[in-house]
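To start, the structure under review is shown below, and the notes come after it.
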Amino acid sequence: MLNRYDRSPHPVGEAEVRYLDGDFRVIRPGAYVRCAVTGEPIPLDELKYWSVDRQEAYATPAAVLARLQAEREG
């Protein structure tokens, strides 16, 4: 949490992220990443679902399921 003396700006725009097992590393600072299925922005502090193999983020469990189903069909 920032205190009133911290003058660091809040990150804006899309972040570049490296997805790891159980964690992720921010490569380029930003406020959000985009869901690979829906395209909706996901704030980094709310990011819970991603694929290490595909290096992509998902907004919801339903988006993960949609990606897996599309992969099986395609």
Side-chain angles (χ1 to χ4, degrees):
M1 184 163 108
L2 298 176
N3 63 40
R4 63 186 174 138
Y5 299 108
D6 189 349
R7 300 289 185 222
S8 301
H10 294 288
V12 295
E14 191 167 353
E16 182 179 341
V17 175
R18 172 87 175 132
Y19 301 102
L20 308 170
D21 287 327
D23 200 7
F24 59 88
R25 179 175 297 136
V26 176
I27 305 299
R28 185 182 67 230
Y32 64 90
V33 293
R34 293 214 175 262
C35 176
V37 176
T38 66
E40 70 182 271
I42 309 164
L44 287 181
D45 61 348
E46 295 177 20
L47 179 59
K48 297 176 186 163
Y49 311 105
W50 61 81
S51 169
V52 174
D53 294 335
R54 292 182 201 89
Q55 287 296 297
E56 54 188 28
Y58 309 106
T60 65
V64 176
L65 184 58
R67 173 62 88 208
L68 293 174
Q69 288 175 336
E71 190 174 272
R72 280 187 229 157
E73 294 172 359

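These numbers were taken from a predicted model, which means no experiment stands behind them.
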Stepwise side-chain contact (heavy atoms from CB on, under 4.5 Å) check, Val64 with Val37: CA-CA 8 Å; Val64 176; Val37 176; over 6 Å; no

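- Of the inter-residue distances, the one linking Tyr58 atom OH with Ile42 atom CD1 reads 10.0 Å to the nearest 0.5 angstrom.
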Test log, rule side-chain contact (heavy atoms from CB on, under 4.5 Å), inputs Tyr19 and Leu47: CA-CA 11 Å; Tyr19 301 102; Leu47 179 59; 3.8 Å; yes

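- Interatomic distance, CD of Glu14 versus CG of Leu44, reported as 9.5 Å (0.5 Å rounding).
- The two residues Pro43 and Pro41 have their closest heavy-atom pair at CD-O, 3.9 Å.
- Ion pair Glu71/Arg54 flagged as a salt bridge, since at least one NZ, NE, NH1 or NH2 atom sits closer than 4.0 Å to an Asp/Glu carboxylate oxygen.
- Ring pair Trp50/Phe24: centre-to-centre distance below 6.0 Å.
- In this structure, Leu65 is not a member of the same hydrophobic cluster as Val52, with clusters built from ILVMFWY side-chain heavy atoms closer than 4.5 Å.
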CA sep, side-chain torsions, deciding dist, call: Val17, Ile27, side-chain contact (heavy atoms from CB on, under 4.5 Å): CA-CA 5 Å; Val17 175; Ile27 305 299; 5.9 Å; no

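- Tested against Glu56 for a salt bridge (Lys or Arg N to Asp or Glu O under 4.0 Å), the candidates Arg18, Arg34, Arg67 yield a single pass: Arg67.
- Pro61 places a side-chain heavy atom less than 4.5 Å from the side chain of Tyr49.
- In this structure the side chain of Arg25 reaches within 4.5 angstrom of the side chain of Leu20, judged on heavy atoms.
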